[in-house]
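Notes for the one structure printed next.
Atoms within a ligand are numbered from 1 in the order they appear, just like the ligands themselves.
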Amino acid sequence: MKTMITGIRPTGTITLANYIGGIKKFIEQQKEYKSLIFIADIHGLTTYIEPKEIRNNILDITALYLACGIDLEHTIIFQQGDVLEHCNLGFLISFQCSVGELSRMTQYKSKKLELAKTDKDMGLFIYPTLMAADILLYDASIVPVGEDQRTHIEKTRDLGERFNKVYGKTFELPEYQIPKIGAKIMNLQNPKVKMSKSAPKNDKGTIFILDDVEITKKKIMSAVTDNEGKIYFDPERKPGISNLLSIMAVIDNLSIEEVSDKYKDYTYKDFKIEVADKVSKFILNIQDKFYKYRNDEDYLKKVLKEGANKARKLASKKMDEVRKTIGLKL
Ligand code: ATP
Ligand code: MG
């Protein structure tokens, strides 16, 4: 059976974009693969967050994944930092990599300016090598992610391939799986930038799954659109409307063509009312289940601990193999 893995940083609470980009497909396919989800707590440290808040985010995310439908019979969920092999392999992978190529990674370039102010950008710089390790460590074949992670998965393949060339076939090379619809959900207030969970909590353009649905409805009703007054899909010219069409398509399980056709004669206001209604029903259903899990912290901690134990077994076996391959194991 092939392996599927995906990760999420505990840098905030899950957004609708995270669900659409990474979670939905994972849940649908979890029984077809050996499935792993890790909470990327170490990657999360590239953004400073109060320790207390990180702990809370980890528990929230675990409860949210359970509420969204991960099945612990089929899926291992764990914290990256609980399985030290991630960092160990990340270091070894860095030997396959050049400073130049890491400095050209889009994420590094885009966040560097912000981090340069603090003079602490090394973690962000080596992010791709740790991410490659996260995936190669489990010989994962499939990685469901949003569009923003495409180059990171490509880099993971490159680095794995280089390692295989030097030492002989050691790692399976992963493929990304980017959803056809909603690969990049945009901020509702600024549809030129992607929706991100590390946005401020009061950001009007970000739909947090745990927000009160009345707030979510308001955010959708005030989403930025355009002056044309016609509903059709054209992300270049109509980023706001196209974003809402993508969201609607995913929530309603329709194609973009079907959704565009269904709403073509609506006014923007009436269309937004429909989006707000569908999205809030969807979210309320998840929230209902979320609170049942979230109220039992002991259970959540137990789930993560058991997950880490299972992941560690796989990871330590692979690390042994890697250490042997490169000559470190006597
Ligand atoms: P942060 O701002 O802290 O990086 P994020 O919202 O980008 O938060 P991540 O934890 O980095 O979330 O990524 C989790 C998953 O969500 C990844 O698979 C990522 O590709 C996906 N994802 C993130 N943003 C979007 C988006 N706007 N549209 C679709 N998928 C997304
Ligand atoms: Mg991100």
Next item on the list: Could you find the nearest protein heavy atom to atom 2 (O) of ligand 1 and give me its residue, atom name and distance?
Entry: Ser198 OG, 2.5 Å
Item checked: Heavy atom of the protein closest to atom 7 (O) of ligand 1 (residue, atom name, distance) -> Lys194 NZ, 2.6 Å
Notebook entry, point to check: In terms of the angle between their ring planes, are Tyr263 and Tyr266 parallel, tilted or perpendicular, with boundaries placed at 30° and 60°?
Noted result: perpendicular
Check: What's the spacing between Ile39 CD1 and Asp60 CG if we round to 0.5 Å?
Finding: 10.0 Å
Note to self: Could you identify the single nearest non-hydrogen protein atom to atom 3 (O) of ligand 1 and state the distance to 0.1 Å?
What the structure shows: Thr11 OG1, 2.5 Å
Check: Which atoms from ligand 1 have a heavy atom of Ile8 less than 4.0 Å away?
Finding: 10 (O), 14 (C)
Notebook entry, point to check: At what distance is the nearest protein heavy atom to atom 13 (O) of ligand 1, and which residue and atom is it?
Noted result: Asn18 ND2, 4.2 Å
Next item on the list: Tell me which protein heavy atom sits closest to atom 12 (O) of ligand 1, plus the residue, atom name and distance to 0.1 Å.
Entry: Lys197 NZ, 3.1 Å
Notebook entry, point to check: So with a 6.0 Å cut-off around CZ of Phe91, is the heavy-atom count from everything else above 12?
Noted result: no
Check: Does the gap between the ring centers of Phe26 and Tyr65 come in under 6.0 Å?
Finding: no
Next item on the list: With rounding to the nearest 0.5 Å, note down the distance linking CD in Glu228 to CG in Asp234.
Entry: 8.5 Å
Item checked: Mode of Ile185 contact toward ligand 1 - side chain, backbone, both, neither (heavy atoms, under 4.0 Å) -> both
Margin query: Same cluster or not: Leu130 versus Ile58, using hydrophobic residues (I, L, V, M, F, W, Y) connected whenever any side-chain heavy atoms lie under 4.5 Å apart?
Written below: no
Margin query: For atom 26 (C) of ligand 1, tell me which residue out of Gly22, Ala199, Pro179, Ala17 has the closest non-hydrogen atom.
Written below: Ala17
Next item on the list: Using a 4.0 Å heavy-atom threshold (strictly under), name the region of Lys184 that reaches ligand 1: side chain, backbone, both or neither.
Entry: backbone
Next item on the list: Please work out whether the ring planes of His152 and Tyr127 are parallel, tilted or perpendicular, with thresholds of 30° and 60°.
Entry: parallel
Notebook entry, point to check: Relative to atom 14 (C) of ligand 1, which among Gly182, Gly7, Gly21 owns the nearest non-hydrogen atom?
Noted result: Gly7
Next item on the list: Look only at interatomic distance and state if Glu147 has a nitrogen or oxygen under 3.5 Å from any nitrogen or oxygen of ligand 1.
Entry: no
Notebook entry, point to check: Short N/O distance, under 3.5 Å, between Val145 and ligand 1?
Noted result: no
Notebook entry, point to check: How many angstroms lie between CG in Leu245 and NZ in Lys262, if you round to the nearest 0.5 Å?
Noted result: 11.5 Å
Note to self: Just to confirm my output: which protein heavy-atom neighbour is closest to atom 29 (C) of ligand 1, and how far is it?
What the structure shows: Ala183 O, 3.2 Å
Next item on the list: Hey, could you give me the CD1/OG1 distance between Ile77 and Thr62, rounded to the nearest 0.5 Å?
Entry: 5.0 Å
Notebook entry, point to check: Tell me: protein heavy atom nearest atom 19 (C) of ligand 1, and distance?
Noted result: Asp148 OD1, 3.5 Å
Note to self: Using a 4.0 Å cutoff against the non-hydrogen atoms of Ser196, which atoms of ligand 1 qualify?
What the structure shows: 2 (O), 6 (O)
Item checked: Pairwise distance CD(Glu297) to NZ(Lys302) - rounded to 0.5 angstrom -> 15.0 Å
